Each structure stands twice: as structure tokens, then as C-alpha cells.
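Counting convention: from 1, in listed order, for ligands and their atoms alike. Just so we're clear, the structure is a prediction, and the values are computed from it rather than from any experiment.
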Amino acid sequence: MSEDRQPDFETREVHAGVRPDPVTGAILTPIYQSTTYVQESVDQYMAKGYSYSRSGNPTVTALEEKITSLENGLGSACFATGMAATSSTMMALLNAGDHCILSDVVYGGTHRLSTRILTRFGVSYSFVDTSSPSSVKNAIQDNTRMIFTETPANPTLKLTDIAAISEIARARSIPHVVDNTFLTPYFQRPLDLGADVSLHSTTKFMEGHNVSVGGSITAADEGMLENIRFVRNCLGSNMSPMVAFYTLQGCKTMSTRLKAQSANALAVARFLETHNMVERVAYPGLNSFPQKTLADRQSSGYGSMLWFEVKGGVASGKKLMDTLKLWSLAENLGSVESLVTHSVTMTHADMPREERMAAGITDGLVRLSAGLETAEDLIIDLKQALDGL
Ligand code: PLP
């Protein structure tokens, strides 16, 4: 192997950031469960890189190195949750009087943070259809200091052309932050497409086992990274070493899980298209998906998220969700367990109805996160629930 050849993604997801423990040889990075680090002398303060676990922790550092390698970034910062990553990034890059463009379809918590919290600190937001680059261009104001997109978006899966929006942002020196939670760096790398920050709820596919909540950002620019880390230290929104440990292990199987979960999602989506009780199905891997060409261009896979609407409206949707056995009715996504979510009453409950409807988050939308069970079992369960409507 040539010396300067970068190992493949699958190799890096196992090995990047991790080296045998220098004291014991333990193959897994230990959980450095310590608040503080003893210093050799006043003059050698921070000689080993750590002072206090809010400012930095070796287990968290190992995870940050791994994510940086997978996202092809300059550096990463890990957070207590995905929302801690989003709030810290917004607080680092936005000031009172600034304006931020946000995808009109985003995770409900991002919408809530923007409209209910950060507006109180003088930041204004425009919710824009970021699938249309010209709409983004037209929404830019003199004081626009951030474009924040989520693609595929939760829950409608609307896609944003990362390269096109990054080009518009770069021309005006506006940072472009991409929430990459739904596809992970295995399928989509926003920084390679010109974005400045790639953000994750590591709670989802990165950790992948419904064990922990966490978040991360990876930046392409040193100044931006330092700024976000500074805010993390001030807010105390850092990831714990235990969560970093779980996420380090989860990341090692990310590509394997995503390949299998995406294959399940495609099989489930194809089945749903054939059922007479299904009104419509959305999955970026289906030929019927309106933005399939963009999906093929900017990502190497379609992920494990899909949604559908049943005939008979909300009442039918609720009955279906209540009669599924293998699919758990739950608020998470991206785990090895298959999950079903009613976005309107769960993840997007705080979003005003008109805004929700305008963004395509309809009352009957049933969101699915395909797990690692067999496609056959998942389809049998959906069929019995749909047949019973
Ligand atoms: N971004 C997306 C796309 C999400 O779906 C979520 C949570 O569902 C978040 C961010 C927030 O992550 P967390 O729940 O880890 O705070």
C-alpha cells in the first residue's frame, strides 16, 4: 500500500482516532471518567492537553478525531446532544441583529430553538425552501450571517443541493451549515461539496443502538471550529466520556448498518407502493421520488428513512401505528431497531399547523426508520397493519 494512500472509509471508521491505550494496551479507548487532570507543574500547565473535562476529555477527543476523518474535515467538536451542537453553532456564528436562513423543513427542535429562543437574543430567521437555490439567493439580506440546511430534511426528506447553496453562501462569505444526520458521512460529505460545517445528532446513525444522545460538528475552517469550541466550553454543552465511548463503538459499524438498513428501507418503500391502502410513499431511492437525480448526484446512498400516507387520513394513520408489532412507535431514528413516528404529534408538535402544512408535514404522514431486522419481517408486519385498516 502506498504510504500516502488514505485508508478507505470502512477502515477509518474502525481505526481513526483510536490507538491502543499507552498504559495497558487496551484496544478500546478507555472511558476517561475524570473531572480533572493533574498538572506536572505550573509552567507545564496543559502539557498533556487536558485540564478539566468540560474543556476537553481524551475519550471525546478520540471520537472527534474519528468523525473528522470520516467527514474529511479540519476538526470536530462533540456535544451533549444534537440540539447542543445546533444551539452552540448558532450561538457561535450569529450575533444580535444577524439574520439566518433556515430550511423550511427542519427537525422540530431546530425550528423551536430558532423561533422561541434565539429570536429573543435578536437573531432573525427566514424559513426558506432551500431545495430552490434561487429562493435562497433571494432571501439573503445584508445582515445574513448563516445558511443552515438540513438534507434530507426531517421528516419530508426534501433535499437541498449542498454544492449549489455552498457556492451562493461562499460568494457572500456566509457560512453554510448542513445537518447531515439522515445520511451520515458514509453516504454524504457536505464539506467535500463546499459546506463549512457538517452537523450531526450522533444519537441517530453514528451511535445507532438507542443507547445515548449526542451531537457533533465538523468544520472546514480553524477559526469557525475554535469559535464553536469556545461556546461549547462557555455553555457546558460538551459530550460526556461515556457517550463518546458508546459512539466510538457505534461508528465502527456505521457503513455496515447503513448499507443493510438502506436496503431494508428500499424494500419496504417498494412494498408500500404496491399496497392499495397507501396514498403515497417517499424514499429518495424510488424512481417516483421527485429529487432522485439530486440524491444520485450528491450522495452515494439513500439512507434508511422513508415516509408514507395511508388512505383514510389521521384516524387510519393512528390505527396503523397502534397495530404495528415489530416497528416500535418511538421518537428516535437511525437505530438498529425499526421505528415508526407520527411527526405531527411527536417530533414536530411545536410547529404551527399552517407552517407545517406549507412545508408538507401533513397530519397523516407516517415516518419510518428502517432497522436491521429482515426486510421480510418488516414488510409482513406493515402488511398485517395495512390489511387491517
Ligand atoms: N437534527 C436532526 C435531523 C434530528 O432528527 C434531530 C433529532 O431528532 C436533531 C438534529 C437533534 O438531535 P438530538 O435529539 O440528539 O438533540
Centroid-centroid distance, Tyr52 to Tyr37, less than 6.0 Å: no
Distances under 3.5 Å, N/O of ligand 1 against N/O of the protein: list each pair and its distance.
residue  : atom   : partner : partner atom : Å
ligand 1 : 1 (N)  : Asp179  : OD2          : 2.6
ligand 1 : 5 (O)  : Asn154  : ND2          : 2.9
ligand 1 : 8 (O)  : Lys204  : NZ           : 2.9
ligand 1 : 12 (O) : Ser201  : OG           : 3.0
ligand 1 : 15 (O) : Gly82   : N            : 2.9
ligand 1 : 15 (O) : Ser201  : OG           : 2.8
ligand 1 : 15 (O) : Thr203  : OG1          : 2.7
ligand 1 : 16 (O) : Gly82   : N            : 3.1
ligand 1 : 16 (O) : Met83   : N            : 2.8

Side chains of Glu10 and Met254 in contact at under 4.5 Å (non-hydrogen atoms): no
Please confirm whether the backbone N or O of Ser201 pairs with a side-chain atom of Thr181, one donor and one acceptor, at under 3.5 Å? yes
When you compare the side chain of Ser216 with that of Phe79, does any pair of heavy atoms fall below 4.5 Å? no
Check whether Glu150 reaches the backbone of Ser103 with its side chain - one donor and one acceptor, N or O, closer than 3.5 Å. no
Phe308-His275 aromatic ring centre distance below 6.0 Å: no
